[in-house]
Amino acid sequence: MALCALYLIRPESSGLVLPEALRPVAEPVIQAIDVTTVLAAAVVLAIVAAMRKLSYGMGAVLLLCIGANLTSAAVRAWESDAPSVLLPSGHVVAVTALYGSALLVSAPRFRPVIAGLGFAVVLGVSGAAALVESTGIFGLAASLIIFAIWWALASTLMLYSPVAAEREERRPDTAAIAFSRHL
């Protein structure tokens with residue numbers, strides 16, 4: 001629904017004015033994100049999920065990475081007559097999908113590092129995409145909306161996995177108990 005609202009606005013310009021001096025730095029960043037790199041990273045994340053014995057984690061990685069990237073490509077093909085500033089950036093969708101997958105399958109002790117570094121990478125790639133591609137603010141927002149939809153689906157898959165059920169049996173209501181201590 002929110003994605004459709006972005007296409008109804010149809011702005012004439014992106015509203016982003018970035019210095020051209022950064023273009024030589026941004027181009028290698030965008031060129032580094034291709035199908036091979038994304039697939040290799042997704043395979044590594046699936047292996048991490050397998051090593052952590054998260055069978056549903058492998059499914060969540062594949063669901064998020066493949067689903068988000070295919071949705072981005074489908075939107076770009078479906079709305080080919082829309083201004084390019086409205087269309088989602090495939091590079092941003094790919095990086096955010098990998099970021100979300102890494103957060104889903106990583107060990108809890110590594111999540112703060114992954115969250116911080118991943119956020120920095122997503123910001124860098126978003127800036128590079130806005131500079132190199134003709135992606136605007138609405139295109140970046142569309143990319144993040146696509147990621148958020150697929151991340152919610154992958155998170156739901158992880159939430160209802162047998163590993164999560166087993167963890168809750170061992171420590172029920174941990175979050176509620178921790179919250180009550182701070183009251």
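When reading the values below, keep in mind they use all heavy atoms of this one structure, side chains included, and skip hydrogens, waters and symmetry mates.
Shown here for L157 and A60, the closest heavy-atom pair between the two residues is CD2-N, 3.5 Å. In terms of heavy-atom proximity, V93 sits nearest to T96 at O-OG1, 3.0 Å. Across all non-hydrogen atoms, the minimal contact from P108 to P112 is O-CD, 3.6 Å. When all heavy atoms of I33 and V38 are compared, the closest pair comes out as CG2-CG2, 4.1 Å. Shown here for A102 and I114, the closest heavy-atom pair between the two residues is CB-CG2, 3.9 Å. The two residues Y99 and F119 have their closest heavy-atom pair at CE1-N, 3.6 Å.
With no hydrogens or angles considered, a side-chain donor-acceptor pair links T37 and D34 at under 3.5 Å.
Hydrophobic clustering places F110 together with V105 (ILVMFWY residues linked when any side-chain heavy atoms are closer than 4.5 Å, directly or through intermediates). The hydrophobic cluster containing V121 also contains L45, counting ILVMFWY residues as joined when their side-chain heavy atoms lie under 4.5 angstrom apart, directly or transitively. In the hydrophobic clustering of this structure, L153 groups with L54; members are Ile, Leu, Val, Met, Phe, Trp, Tyr whose side-chain heavy atoms approach within less than 4.5 Å, directly or through other members. In the hydrophobic cluster analysis, where Ile, Leu, Val, Met, Phe, Trp and Tyr join through side-chain heavy atoms closer than 4.5 angstrom, L98 is grouped apart from I47. M58 and V48 end up in different hydrophobic clusters when Ile, Leu, Val, Met, Phe, Trp and Tyr side chains are linked at under 4.5 Å.
Rounded to the nearest 0.5 Å, atoms CH2 (W150) and CG (L70) are 8.0 Å apart. Distance check, rounded to the nearest 0.5 Å: CG of L144 to CD1 of I149 gives 11.5 Å. The distance from atom OG of S89 to atom CD1 of I146, rounded to the nearest 0.5 Å, is 10.0 Å. The structure places CG of L104 at 10.0 Å from CG of L63, a figure rounded to the nearest 0.5 Å.
S143 places no side-chain N or O within 3.5 Å of a backbone atom of V92 that could act as its donor or acceptor partner. S155 places a side-chain N or O within 3.5 Å of a backbone atom of W151 that can act as its donor or acceptor partner.
By the 4.5 Å heavy-atom criterion applied to side chains, E79 and L86 are not counted as neighbours.
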